[in-house]
Amino acid sequence: MAKTNYKEALENPIFNTISQSSIALGIDSYVIGGFVRDFLLKRGTAKDIDVVAVGSGIALAKKVASELKGNPQVSVFKNFGTAMIKKGALELEFVGARIESYNRGSRKPVVEDGTLEDDQKRRDFTINAMALSLNEENFGTLLDPFDGLGDLDKKLIRTPLEPGITYSDDPLRMMRAIRFATQLNFGIQLASLQAIHSHKERIKIISNERIVDELHKILASPKPSIGFTLLHKTGLLPYILPELVALEGIEEIEGQKHKDNFWHTLEVVDNICETTDNLWLRWAALLHDIGKAPTKRFHKQNGWTFHGHEFVGSKMVYKLFKRLRMPLNDKMKFVQKMVLMSSRPIVLSEDFVTDSAVRRLVFDAGVYVDDLMTLCEADITTKNPRKQKKYKNNFKQVREKIMEVEERDHIRNFQPPISGEEIMTTFQLKPSREIGIIKEAIKEAILEGEIPNEYEAAKTYMLKKGQELGLSIDVQ
Ligand code: CTP
């Protein structure tokens with residue numbers, strides 16, 4: 001017989017406090033949702049604990065807080081009938097069991113009190129609807145009316161109710177289904193996939209912030225292509241990231257084809273996830289080719305070209321972040337920079353790698369040069385093992401050269417060795433064009449390797465350049 005009691009999940013004394021508080025109020029209470037799911041999946045103990053009270057969740061939260069050391073504050077969300085307590089790293093969320101139905105056109109629920117099972121029914125997935133009793137008579141007993149345990153075993157995302165009801169109640173769940181499938185490497189029941197497909201347009205009522213939250217979680221997973229493939233197949237992707245959808249397809253003219261940049265992109269994203277956890281670098285991988293759709297051309301002599309796609313793509317990054325209400329801050333600028341520079345190391349590695357080309361790359365990429373190399377390495381998706389090896393080896397050489405040049409020239413955090421001030425005093429200049437010309441000439445001489453990145457050499461060069469410009473030196 002399957003195990004039915006999981007007391008060992010409730011060893012944290014907080015559960016005893018909740019149990020005793022429920023007894024004092026004469027109500028039943030249960031832990032439900034992610035905490036139970038993650039315990040059964042052995043994913044470690046979740047920090048968010050959701051508690052359902054068959055009665056007032058707010059009253060239970062207040063009672064629990066009064067029993068805890070330091071009487072932590074209770075945040076009450078009256079409209080939703082929920083209350084939250086923060087205790088150390090733990091976040092406890094209390095809600096009264098309810099029968100819930102939603103207004104079409106909004107996510108605002110109409111709420112009525114209900115039993116535990118009513119509450120479980122209205123949850124998103126069977127694996128999130130499992131509850132553990134906190135009641136004295138059966139403390140730790142699993143209450144699982146929709147066989148979430150079986151679905152954990154089958155690795156299946158399934159809704160407790162008919163999927164159409166669950167998804168139209170809260171269309172965010174369409175994204176959640178895909179996100180859980182990606183995080184857990186689970187399948188989604190066929191009826192659910194069909195329901196997502198039919199309700200896809202309802203994603204429009206979900207705020208961009210929530211959608212982006214799910215996208216972040218998909219991208220933070222070990223293999224994000226699972227999620228993006230599902231978003232694509234269910235028809236949700238055009239509502240969220242149409243720029244990616246535009247990359248799909250292979251065109252052929254006069255026997256010449258280009259690669260399918262949508263599926264290529266997903267491969268690049270999976271590749272980069274093997275080498276970095278940096279969420280924004282993962283975003284850069286996802287968006288690195290978006291400029292290819294609007295710049296695609298066919299030329300009789302050259303075949304398919306995507307001239308300037310990096311520049312166009314980096315401009316698109318701004319628009320995309322703005323549309324999705326993502327932060328327009330240094331993270332966005334980082335993604336833009338990666339997209340803009342995404343072909344630079346490739347061009348470099350195709351030729352003989354000169355020091356000055358490497359110095360220019362390091363100068364332009366600055367502290368992000370390693371991230372850029374990681375992106376370019378992930379971009380190698382050729383199935384030809386000989387080419388694969390060659391490209392990897394070329395990038396290895398570029399990396400070595402970067403280290404070598406950097407050790408010598410310190411370009412990564414480039415600070416002009418001669419300041420504008422010094423140029424002004426040396427030549428007794430007021431703010432003028434000449435200062436910029438001299439500064440630029442010094443920088444160019446360093447990048448070209450004509451002079452080392454050092455003060456004395458730069459000063460001599462400045463004097464020479466000033467003479468060429470006909471400037472006189474202040475001799476005092
Ligand atoms: N839930 C739901 N529908 C939603 C959001 C949440 O039914 N749109 C329910 C699920 O039972 C879920 C619980 O509320 O388990 C808590 O939601 P949340 O904290 O968002 O997710 P977790 O399941 O805890 O998972 P994660 O922390 O990974 O997001």
Side-chain angles (χ1 to χ4, degrees), residues 208 212 215-216 218-220 224-225 227-228 231-232 237 240-249 258-297 304-350 357 360-381 391 395 398-399 402 412:
N208 286 308
V212 168
L215 287 176
H216 283 334
I218 290 172
L219 270 176
S225 65
F228 289 103
L231 287 172
H232 178 57
L237 202 55
I240 301 167
L241 292 168
E243 297 84 352
L244 284 186
V245 182
L247 294 177
E248 201 202 2
H258 61 79
K259 66 173 175 257
D260 185 312
N261 284 303
F262 174 71
W263 297 105
H264 162 72
T265 292
L266 298 195
E267 267 188 74
V268 178
V269 174
D270 283 352
N271 283 347
I272 212 161
C273 293
E274 287 182 15
T275 48
T276 182
D277 288 335
N278 178 343
L279 179 66
W280 300 102
L281 190 50
R282 291 177 174 206
W283 266 103
L286 185 70
L287 305 180
H288 80 286
D289 268 349
I290 51 173
K292 280 194 172 171
T295 56
K296 182 165 96 173
R297 304 277 180 276
W304 293 101
T305 64
F306 305 90
H307 283 312
H309 79 84
E310 302 86 350
F311 178 76
V312 172
S314 73
K315 297 281 163 218
M316 289 167 76
V317 167
Y318 172 81
K319 288 193 189 139
L320 186 153
F321 269 52
K322 193 157 186 231
R323 185 188 71 234
L324 291 177
R325 293 187 191 282
M326 286 164 74
L328 300 175
N329 57 10
D330 54 327
K331 309 287 187 235
M332 190 271 303
K333 288 194 185 129
F334 167 76
V335 176
Q336 278 194 306
K337 186 163 196 147
M338 290 296 108
V339 173
L340 181 64
M341 295 193 70
S342 56
S343 305
R344 287 276 298 276
I346 300 171
V347 178
L348 240 178
S349 73
E350 278 167 359
R360 284 188 186 280
L361 178 75
V362 179
F363 178 80
D364 291 337
V367 290
Y368 302 123
V369 69
D370 292 324
D371 289 333
L372 182 62
M373 292 307 296
T374 303
L375 173 59
C376 288
E377 282 154 356
D379 204 1
I380 306 173
T381 59
Y391 296 152
F395 282 136
V398 176
R399 277 207 194 251
I402 289 173
R412 197 184 293 247

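Along the sequence shown, the residues carry numbers beginning at 1.
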(message) As a quick check of understanding, evaluate side-chain contact (heavy atoms from CB on, under 4.5 Å) for L286 and R282, giving each step before the final call.
(response) CA-CA 6 Å; L286 185 70; R282 291 177 174 206; over 6 Å; no
(request) Please lay out, stage by stage, how F321 and Q336 fare under the test side-chain contact (heavy atoms from CB on, under 4.5 Å). (result) CA-CA 10 Å; F321 269 52; Q336 278 194 306; over 6 Å; no
(request) Apply the test side-chain contact (heavy atoms from CB on, under 4.5 Å) to residues M341 and L361: give CA-CA distance (whole Å), side-chain angles for both, the deciding distance (0.1 Å), then the verdict. (result) CA-CA 9 Å; M341 295 193 70; L361 178 75; 4.0 Å; yes
(request) Begin with the C-alpha distance, continue with both residues' side-chain angles, and end with the deciding distance and a verdict on side-chain contact (heavy atoms from CB on, under 4.5 Å) for L244 and F262. (result) CA-CA 6 Å; L244 284 186; F262 174 71; 4.2 Å; yes
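Between V312 and K315, the closest side-chain pair of non-hydrogen atoms is not below 4.5 Å. Inter-residue side-chain proximity for I346 and F395 is flagged as met; some heavy-atom pair is nearer than 4.5 Å. Residues E243 and L287 have side chains not in contact (no heavy-atom distance under 4.5 Å, counting atoms from C-beta outward). The closest side-chain heavy-atom distance from L231 to L215 is below 4.5 Å. Inter-residue side-chain proximity for K331 and M326 is flagged as unmet; no heavy-atom pair is nearer than 4.5 Å.
The salt bridge (charged side-chain N to carboxylate O under 4.0 Å, His left out) search around E267 returns K383, not counting sequence neighbours. With sequence neighbours left out, the side-chain hydrogen bond (donor to acceptor under 3.5 Å, both in side chains) criterion links E377 to R399. For the ring-ring contact (aromatic ring centres under 6.0 Å, His included) test, residues two or more places apart in sequence or in another chain that qualify with W304 are H258, F298. With sequence neighbours left out, the salt bridge (charged side-chain N to carboxylate O under 4.0 Å, His left out) criterion links K296 to E251. A search for side-chain hydrogen bond (donor to acceptor under 3.5 Å, both in side chains) contacts involving T276 returns nothing, not counting sequence neighbours. Residues meeting the ring-ring contact (aromatic ring centres under 6.0 Å, His included) test with Y368, sequence neighbours left out: F334.
The two residues R412 and I402 come nearest to each other via the heavy atoms NH2-CG2, 4.4 Å. Across all non-hydrogen atoms, the minimal contact from A284 to V335 is CA-CG1, 3.9 Å. Heavy atoms only, all atoms of each residue included: Y391 and I380 are closest at CB-CD1, 3.7 Å. When all heavy atoms of V212 and L324 are compared, the pair lying nearest together is CG2-O, 3.6 Å. Closest approach of S342 and C376 over heavy atoms only: O-SG, 3.3 Å. In plain terms, the two heavy atoms of D260 and G249 that are nearest each other are OD2-N, 2.8 Å.
For the pair D289 (side chain) and K292 (backbone), a donor-acceptor distance under 3.5 Å is absent. Under the 3.5 Å distance criterion, the side-chain polar atoms of D270 are matched with a main-chain donor or acceptor of S225.
One distance of note links CE of M338 with OG1 of T374; it measures 9.0 Å at 0.5 Å rounding. Between the CD1 atom of I290 and the OG1 atom of T295 there is a distance of 11.0 Å, given to the nearest 0.5 Å. Between the NE2 atom of H309 and the OG atom of S314 there is a distance of 11.0 Å, given to the nearest 0.5 Å. Rounded to the nearest 0.5 angstrom, N271 CG and H264 NE2 are separated by 9.0 Å. Put simply, CG on L340 and NZ on K333 are 14.0 Å apart, with the number rounded to the nearest 0.5 Å. To the nearest 0.5 Å, atom OG1 of residue T381 and atom NZ of residue K259 are 5.5 Å apart.
Taking the six-membered ring where the residue is Trp, H216 and W280 present perpendicular rings, their angle passing 60° and hence far from 30°.
A 6.0 Å sphere centred on CZ of R323 holds more than 12 heavy atoms belonging to other residues, nucleotides or ligands.
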